[in-house]
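Predicted, not measured: the structure shown is a model, and the values here were computed from it. Every heavy atom of this structure was used, including side-chain atoms; hydrogens, water molecules and symmetry mates were not.
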Amino acid sequence: MKMNTLAAAVLALSTGFAMAQNAVVTIAHVGPTSGAIAHLGKDNENGAIMAVEELNAAGVTIGGKKVTLKLMTEDDGADPKQGTSVAQKLADAKVAGVIGHLNSGTSIPASKIYSDAGIPQISPSATNPKYTRQGFKTTFRVVADDVQLGGTLGKYAVGTLKGKAIAVIDDRTAYGQGVAEEFSKAVVAAGGTVVAKEFTTDKATDFNAILTTIKGKKPDVVFFGGMDAVAGPMLRQMKSLGINAKFMGGDGICSSELVKLAGDAVTDNQVFCAEAGGVEKGSKFEAAKLDFDNKFKAKFGTPVQVYAPYVYDSVKIMVAAMVKAGSSDPAKYLPVLAATKDYQGVTGAISFDEKGDIKGGALTLQTIKGGKLEVLAVIR
């Protein structure tokens, strides 16, 4: 009996020592890995997986101790209720930080829960301005917001595409409404006319009623605030109704999946979109981004959809702040994260302003040509 007790004590001591030497730091990623835009959520999740695996392979030391990073992945289904439920689960689990959510509609309500728990949150893709304008010190994003995104597209619709009569549709989500509103403002400011404003949902598949109404307005451009899963069928129905207008949207439709979803309904130079991010050709970041894209495709067997590299950078920025602060305790590394300046990521140099927004965020204007997305310009 005494031997068993002694053996147990030795085992407990050795296990405790091993744990002390190999502390685990848990970072969470949240995105919609089920539902209509699961391809985008999985793309983001894979970016997090890649970053964590690289960091662990290189070795991470925080406060003089070697640590192992653990990635906790959660599915919010792009649903605000599910998103807040997941956020509470992560707050209860006391994760060191959260990368996500993908959508503005989930990121905004979840951000209150993370703020209350003192957990830093970096969204790689939520673009609604409200996300970083709630006064939370825990909230950050690494892409430009809808004011810049929608505004740039609105000016482009009128100034470059010469759109005079423009129809606007949104999917009633925080993201869709936000980007559509900013687009509409910019159209009017540039001298264009919004001839129709219609709405649908992020789960709709039949758009004949609203498209028939829009057809009667004879638009030059149709703008959709929403995601590729809805935009694809919408483009097909536009074609069947004989609507030959240019089609525009934000980063939600700026994916390689849109081409598959829309099929032959897309002709060259018909679809225009803007991704909230981008790397200029000839810049010092171009090679790093290309290397990331190649490694990502080799690892996961699929090309980057949109935001995987922004997730990858977000994870590395968060861990860099922990290393610099010498602690994975959110209260200790949060001020260091907020002070991030010129972090050299694969998506560019990243600095945060006082709200937690990226400074000088880029936008990439793209069109579909030859069945593929083609970059027109990177704007800052």
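Ion pair Glu257/Lys260 flagged as a salt bridge, since at least one NZ, NE, NH1 or NH2 atom sits closer than 4.0 Å to an Asp/Glu carboxylate oxygen. Comment: Lys355 does not engage Asp145 in a salt bridge, judged by the lack of any side-chain N to carboxylate O separation of less than 4.0 angstrom. Residues Arg172 and Asp170 are paired through a salt bridge, judged by an N-O separation under 4.0 Å between the basic side chain and the carboxylate. The residues Lys112 and Asp116 are annotated as salt-bridged, a charged nitrogen and a carboxylate oxygen being separated by less than 4.0 angstrom.
Atom OG1 of residue Thr33 and atom CD of residue Glu45 lie 5.5 Å apart, to the nearest 0.5 angstrom. For the atom pair CZ (Phe272) and CE (Met248), the distance works out to 7.5 Å, reported to the nearest 0.5 Å.
In this structure, Tyr310 and Ile99 have side chains that are not in contact, with every pair of non-hydrogen atoms separated by 4.5 Å or more. When side chains are defined from C-beta on, Leu40 does not count as touching Pro32, because their heavy atoms never get closer than 4.5 Å. Looking only at side-chain heavy atoms (C-beta outward), Pro219 and Ile166 stay at 4.5 Å or farther from each other. Between Asp357 and Tyr131 the shortest side-chain heavy-atom distance does not fall below 4.5 Å. Residues Pro109 and Thr84 are in side-chain contact: their nearest non-hydrogen atoms beyond the backbone lie under 4.5 Å apart.
Only one option out of Val67, Val323, Val319, Thr68 pairs with Leu55 in a side chain to side chain contact (heavy atoms under 4.5 Å, CB included); it is Val319.
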Exercise for the section: Show the numbers, then the answer: is there a side chain to side chain contact (heavy atoms under 4.5 Å, CB included) between Gln270 and Lys239? Expected result: CA-CA 11 Å; Gln270 179 200 357; Lys239 181 183 179 183; over 6 Å; no

Problem - Test side chain to side chain contact (heavy atoms under 4.5 Å, CB included) applied to Ile210 and Ile169, step by step - result: CA-CA 9 Å; Ile210 60 174; Ile169 308 168; 4.0 Å; yes

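The number of heavy-atom neighbours closer than 6.0 Å to CG of Asp329, taken from other residues, nucleotides and ligands shown, is above 12.
Under a 3.5 Å cut-off, the side chain of Thr367 and the backbone N or O of Val271 do form a donor-acceptor pair. Listed for the Gln344 side chain is a donor-acceptor partner under 3.5 Å among the backbone atoms of Asp342.
Using cut-offs of 30° and 60° for the angle between ring planes, the Phe223 and Phe183 rings count as parallel.
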